[in-house]
Amino acid sequence: MSTAPLRLYSYPKCSTCRKALQWLAERGLSPDSGLELVDITADPPSLDELRQALAALGDRKRLFNTSGQSYRALGAAAVAALSDGQALEALAADGKLIKRPFALTASGQALVGFKPEEWSAALGL
């Protein structure tokens with residue numbers, strides 16, 4: 001895990017990711033000040049990070065970008081049939097399968113999607 005207070009995996013073309021970045025910047029977190037920004041398609045989260053997120057969230061369904069092309073290509077039934085280990089391996093192999101934005105805090109919390117009230121509570125902002 002990074003030493004930054006927040007590691008944010010995002011996709012530059014994702015409007016929800018851009019909203020989250022703007023929201024964070026308005027609260028003083030940017031790549032220049034405490035935010036490690038990672039392109040989720042070029043460098044998806046590692047298996048260890050995804051395991052950490054699954055443990056924190058308690059529901060692997062929350063990790064999947066169910067509206068994305070990669071998910072539709074696999075199919076909901078195929079994803080549901082995967083074991084947790086297989087699901088995490090699929091997510092680590094294809095960042096577009098992961099719900100965005102995907103963030104990990106230095107304290108081990110995981111955030112998926114962007115809900116300002118959840119992010120505010122988790123980050124103390």
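Values below: all heavy atoms of this structure, side chains included; hydrogens, waters and symmetry mates excluded. All values derive from a computational prediction rather than experimental measurement. Just so you know, residue 1 is the first one in the sequence shown, and it goes up from there.
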Among residues at least two apart in sequence or on other chains, which ones pass side chain to side chain donor-acceptor pair (under 3.5 Å) with [X]?
X: T66; result: none
X: T16; result: none
X: S67; result: N65
X: R18; result: none

Listed once per pair and sorted, the side chain to side chain donor-acceptor pair (under 3.5 Å) pairs that draw on residues 112-125, sequence neighbours left out =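 Side chain to side chain donor-acceptor pair (under 3.5 Å) check on residues 112-125 returns no pairs.
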Scan for salt bridge (charged side-chain N to carboxylate O under 4.0 Å, His left out) pairs involving residues 101-113, sequence neighbours excluded, and state none if there are none.
->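 Non-adjacent pairs meeting salt bridge (charged side-chain N to carboxylate O under 4.0 Å, His left out): zero.
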side-chain contact (heavy atoms from CB on, under 4.5 Å) partners of [X], counting only residues at least two apart:
X: Q22; answer: E26
X: R72; answer: Q69
X: R27; answer: W23, L125
X: L21; answer: L8, S10, L35, L37

Rounded to the nearest 0.5 Å, how far does SG of C17 lie from CD1 of I40?
-> 7.0 Å
Can you list the residues that meet the salt bridge (charged side-chain N to carboxylate O under 4.0 Å, His left out) rule with D39, with sequence neighbours excluded?
->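 If we apply the salt bridge (charged side-chain N to carboxylate O under 4.0 Å, His left out) test to D39, skipping adjacent residues, there are no hits.
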Note: F64 and A87 closest approach over all heavy atoms is CZ-CB, 4.0 Å
Could you go through residues 89-102 and list every donor-acceptor pair under 3.5 Å that involves a side-chain atom there, pairing it with any protein atom two or more places apart or in another chain?
from : atom 1 : to  : atom 2 : distance (Å)
D94  : OD1    : K96 : N      : 3.0
D94  : OD2    : S70 : OG     : 2.7

State, yes or no, whether a side-chain contact exists between D48 and Q52 at a heavy-atom distance under 4.5 Å.
-> no
